[in-house]
Protein chains: 2
Amino acid sequence: MEESVATRSHYEELARQLSAIGAVKREMGRMLPQDCPPASAGVLTLLERHGEMRMSQLAELLAIDMSVTSRHVAHVCERGWVERKPDPADKRSRLLRLTPSGTELLAELSERYTQTLARYLDDWTDTDVGHLVELLARLRTSFGDCRSRAPHEPCTTPARTAG
Amino acid sequence: MEESVATRSHYEELARQLSAIGAVKREMGRMLPQDCPPASAGVLTLLERHGEMRMSQLAELLAIDMSVTSRHVAHVCERGWVERKPDPADKRSRLLRLTPSGTELLAELSERYTQTLARYLDDWTDTDVGHLVELLARLRTSFGDCRSRAPHEPCTTPARTAG
DNA sequence: TATTGTTATACTCTATAACTATA
DNA sequence: TATAGTTATAGAGTATAACAATA
């Protein structure tokens, strides 16, 4: 597919915006409870939305390696927010489920998220926010779908150094 | 300000999407040259867009602490992509400027960004991409990030022309 | 043999605090 | 005293590889 000059420019700008959006993420993370890092909040949110699931499924939803998922889950389990139960169908597997304490924390998180965003986005219309959410979701889908159809090898080309 | 139920729901969904967008950022980072981590690419891009500047200004544009900025700058300077010159107006300060080697690397980065996004977003219209870019920039602005200004501001160094 | 999950190790990115050099 | 920048240290997040237990 051939892209126009305008599209190409938009691509470069999108790359820049994605690189810079970390500042917003960090700001959002600053209002989380002291022992609940962003990664824990993500785990809890997904367990609330999708219900009981296995480690591998959670890793897939988080789009991170299962080794990383394992550590995040250990953290929320140590604090009693999530429960790990043996899977009767497969003894290698463990089923994850929110505890009442975890559900309670999620209510707190929801409150903080909402208050923070209401403060920062007070001049946004509901439609604007909805549209951004939609486009972000679609962006993630586009990247996820491409993973299977276009094998992409990590780049090993060394960068040029000054001559 | 009071928000509707729909708005509140959108807020929670936005928080979720922001938390999950890291997967896209990481995928974008994977196609960078071995020697050029995402942070370095960010430094180079801002120096191209805004021209010569001091450490403190770059830190402001990156929306990260100057201590972190200092390390990122050291990395790109060691590789000859950026030059640190003494500021004649203030001997505590250092002026940062892209080298020809850095400019050359930026052309390579632009090419890779464009190719990667063209592959992943091949079913997006130019309008869709533009809209997402716009909303992301606005989001950063709402959070108090000065980087979101479009690169049409007065710059010492003109932006590279695309295509 | 392959798969599920855990642990060890390493790398990137960031913030805080202590430090220097200059204003 | 205050500010610009550097460095040391700590913490969060992730990926790869080696490993144990089970399918």
Side-chain angles (χ1 to χ4, degrees), chain A residues 18-43 53-79 82 84-96 147 152-156, chain B residues 18-43 53-78 82 84-96 145:
Chain A
L18 285 175
S19 145
I21 208 63
V24 173
K25 290 184 62 176
R26 288 195 298 279
E27 182 63 22
M28 288 293 292
R30 288 195 187 94
M31 59 77 197
L32 290 172
Q34 195 57 240
D35 58 347
C36 181
S40 294
V43 167
M53 68 178 73
R54 319 208 302 189
M55 291 289 309
S56 53
Q57 189 183 347
L58 179 58
E60 179 68 23
L61 289 173
L62 287 169
I64 58 178
D65 194 86
M66 192 158 57
S67 64
V68 182
T69 305
S70 181
R71 274 190 28 206
H72 292 332
V73 167
H75 186 270
V76 294
C77 286
E78 283 162 13
R79 277 148 190 84
V82 168
R84 266 183 295 204
K85 299 173 59 178
D87 184 346
D90 187 338
K91 287 182 180 173
R92 296 171 302 179
S93 209
R94 307 176 81 168
L95 290 175
L96 308 175
R147 251 179 304 185
H152 179 217
E153 74 282 4
C155 182
T156 53
Chain B
L18 285 175
S19 146
I21 209 63
V24 172
K25 289 184 61 177
R26 287 193 298 280
E27 182 62 22
M28 287 293 292
R30 287 193 189 95
M31 60 76 196
L32 290 173
Q34 193 80 70
D35 229 15
C36 181
S40 294
V43 166
M53 68 179 74
R54 318 209 301 190
M55 292 288 310
S56 54
Q57 189 183 349
L58 179 60
E60 179 70 21
L61 290 172
L62 286 169
I64 58 178
D65 193 87
M66 193 158 57
S67 64
V68 183
T69 305
S70 180
R71 274 191 28 207
H72 291 332
V73 167
H75 183 90
V76 294
C77 286
E78 283 162 13
V82 169
R84 267 184 295 203
K85 298 174 62 180
D87 184 347
D90 186 338
K91 287 182 181 172
R92 297 171 301 179
S93 209
R94 309 177 81 169
L95 291 175
L96 308 175
D145 186 343

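The chains referred to below are lettered A, B, ... by the order of the sequence lines, with proteins before strands, and numbering in each begins at 1.
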**Asked** Should B/R84 be listed as having a side-chain N or O under 4.0 Å from OP1 or OP2 of D/dT6?
**Response** yes
**Asked** Tell me: CG of A/D65 to P of D/dA15, nearest whole Å?
**Response** 6 Å
**Prompt:** Mind checking whether A/L61 and A/M53 have side chains closer than 4.5 Å, heavy atoms only?
**Reply:** yes
**Fill in**
Here the distance between atom C1' of D/dT16 and atom CD1 of A/I64, to the nearest Å, is 14 Å
**Asked** According to a strict under-4.0 Å criterion, is A/R30 in side-chain N/O contact with OP1 or OP2 of C/dA15?
**Response** yes
**Request:** Report the C-alpha distance between A/R54 and A/L95 in whole Å, list the side-chain angles of each, state the deciding distance to 0.1 Å, and finish with yes or no for side chain to side chain contact (heavy atoms under 4.5 Å, CB included).
**Result:** CA-CA 5 Å; A/R54 319 208 302 189; A/L95 290 175; 3.7 Å; yes
**Asked** So what does B/D87 touch, heavy atoms closer than 4.0 Å: a base, only the sugar-phosphate, or nothing?
**Response** nothing
**Request:** Return yes if some donor-acceptor pair links the side-chain N/O of A/R26 with the main-chain N/O of B/A63 below 3.5 Å, else return no.
**Result:** yes
**Message:** Nearest whole Å is fine: how far is D/dA21 P from A/M55 CE?
**Reply:** 18 Å
**Item:** Which residues share a side-chain contact (heavy atoms from CB on, under 4.5 Å) with A/A59, sequence neighbours left out
**Value:** A/M66, A/T69
**Complete:** Of the candidates D/dG5, C/dG5, C/dT12, the side chain of B/P38 sits closest to C/dT12
**Request:** For the side chain of A/M66, starting at C-beta, report the closest nucleotide among D/dT6, C/dT4, D/dA15.
**Result:** C/dT4
**Asked** For D/dG5, does either OP1 or OP2 sit under 4.0 Å from a side-chain N or O belonging to B/S93?
**Response** yes
**Length of the line joining A/R92:CZ and C/dT1:C1', which is rounded to integer Å** = 11 Å
**Spacing of A/H72 atom NE2 relative to C/dT6 atom P, expressed in whole Å** = 13 Å
**Fill in**
Taking C/dT7, C/dT22, D/dA23 as options, the one with an atom nearest any side-chain atom of A/K91 is D/dA23
**Asked** Any side-chain heavy-atom pair from B/V43 and B/H75 closer than 4.5 angstrom?
**Response** no
**Prompt:** Taking the nucleotide of DNA chain D with the closest heavy atom to each, which residue, A/A39 or A/D90, is nearer the 5' end?
**Reply:** A/A39
**Prompt:** Quick one: A/L96 CG to C/dT6 P, roughly how many Å, whole number?
**Reply:** 8 Å
**Request:** Return the 5'-most residue of the pair A/P37, B/A74 with respect to DNA chain D, ranking by each residue's nearest nucleotide.
**Result:** B/A74
**Asked** Please, which pairs that meet salt bridge (charged side-chain N to carboxylate O under 4.0 Å, His left out) have at least one residue in residues 29-42 of chain A, sequence neighbours excluded?
**Response** A/E27-A/R30, A/D35-A/R79
**Message:** Using whole Å, what does the distance between atom C1' of nucleotide C/dC11 and atom NE2 of B/H75 come to?
**Reply:** 12 Å
Kindly give the atom pairs (protein nitrogen or oxygen, nucleotide nitrogen or oxygen) under 3.5 Å for nucleotides 8-11 of chain D.
none

**Request:** May I ask you to test the B/S67-B/S70 pair for a side-chain heavy-atom distance under 4.5 Å?
**Result:** no
**Prompt:** How close or far is atom P of D/dG13 from atom CG of B/L18, stated in whole angstroms?
**Reply:** 15 Å
**Under-4.0 Å side-chain N/O to phosphate OP1/OP2 contact, B/R94 with D/dA4** = no
**Request:** Indicate yes or no: at least one non-hydrogen side-chain atom of A/H72 is less than 4.5 angstrom from one of A/I64.
**Result:** yes
